[in-house]
Amino acid sequence: MGQSVGNAGVFLVMTLINLYLFIMMLRFILQFSHADFYNPISQAIAKATSPLVNPLQKALKPVKGISIATLVVAFFVKLIGIALVFLIAGEGLPPVMNLILGSLTGIITTLLDIYFYALIGSIILSWVAPQSSHPGAMLIYQITEPVMTPVRNILPSMGGLDLSPIFVFIGINVIEIMVMGTLGQASGMPRYLIAGL
């Protein structure tokens, strides 16, 4: 009974932490992509993350469109989540360096996951609703275009066939394998603790 309660607690903590981290990193990407701030989805994300990010933004100003405050908050959200899981499991806190590496891995994999899902969304939208003005569709395009455009510029013209998503998917997977293989292994953390949603 005690172990099942502990497992349920671990699951609940990791789900809530990863969900909030996902929203936090989505805020980071929206700022980085200069997405429409007045989009209702952007407004909801800003409202959900502002209580933690705004106080820190006074001290940590953005650098070239990169919100340092958002990254710092995301890092500590993941770090606290991992630490809570270890405490709930009754294992005590892992070494600080392992926590740091695990948190960094979690942030990077969450960032890659958002781009991965946004690319899938943009591909589906290009088939079923290419001219959609839905706020969600607009945000997906605003997130993916800054990543896809440089790849499109490198690839030769294929007569209207856009192969850039394939190369971006490959890039995302290669980066994720490298991150998990270096930072993830160095952290000594189980994959379920440091992976994104």
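Given the structure is predicted, the values throughout are model-derived calculations rather than measurements.
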Novice: Could you pull out all residues at least two apart from Leu84 that satisfy side-chain contact (heavy atoms from CB on, under 4.5 Å)?
Specialist: Val13, Ile80
Novice: Checking the side chain of Asn98 only, and the main-chain atoms of Gly188 only, is there a donor and an acceptor separated by less than 3.5 Å?
Specialist: no
Novice: Could you report the tightest heavy-atom contact between Ile143 and Ala118, atom names first, then the distance?
Specialist: CG2-CB, 4.1 Å
Novice: Can you name the residues that form a ring-ring contact (aromatic ring centres under 6.0 Å, His included) with Phe169, not counting sequence neighbours?
Specialist: Phe116
Novice: Can you tell me if Tyr20 uses its side chain to pair, donor with acceptor, with the backbone of Ala48 under 3.5 Å?
Specialist: yes
Novice: Of the non-hydrogen atoms in His134 and Gly136, which two are nearest, and what is the gap between them?
Specialist: ND1-N, 2.8 Å
Novice: Taking Ser42 for the side chain and Tyr38 for the main chain, is one N or O donor matched with an acceptor at less than 3.5 Å?
Specialist: no
Novice: With Ser33, which residues qualify under side-chain contact (heavy atoms from CB on, under 4.5 Å), at least two apart?
Specialist: Ile29, Tyr115, Pro146
Novice: Between Leu101 and Ser187, what is the shortest heavy-atom contact and its length?
Specialist: CB-CB, 3.7 Å
Novice: Tell me which pairs pass salt bridge (Lys or Arg N to Asp or Glu O under 4.0 Å) where either residue lies in residues 128-156, with sequence neighbours left out.
Specialist: Glu145-Arg152, Arg152-Asp162
Novice: Would you name the heavy atoms of Leu139 and Ala35 that are closest together and state the gap between them?
Specialist: CD2-CB, 3.9 Å
Novice: Looking at every non-hydrogen atom in both residues, tell me the closest pair between Ser126 and Tyr141 and how far apart they are.
Specialist: N-OH, 3.7 Å
Novice: Ignoring hydrogens, what is the shortest heavy-atom contact between Ile45 and Leu26? Give both atom names and the distance.
Specialist: CD1-CD2, 3.3 Å
Novice: Indicate yes or no: at least one non-hydrogen side-chain atom of Met138 is less than 4.5 angstrom from one of Asp36.
Specialist: no
Novice: Applying side-chain contact (heavy atoms from CB on, under 4.5 Å), name anything that partners Ile66, two or more places apart in sequence or on another chain.
Specialist: Phe28, Phe32, Ile68, Leu71
Novice: List in chain and number order the residues that pass side chain to side chain donor-acceptor pair (under 3.5 Å) with Thr49, two or more places apart in sequence or in another chain; answer none if no residue qualifies.
Specialist: Arg27
Novice: Report the distance from atom OG of Ser103 to atom CG of Leu79, rounding to the nearest 0.5 Å.
Specialist: 3.5 Å
Novice: So do the side chains of Met189 and Leu99 get within less than 4.5 Å of each other, counting heavy atoms only?
Specialist: yes
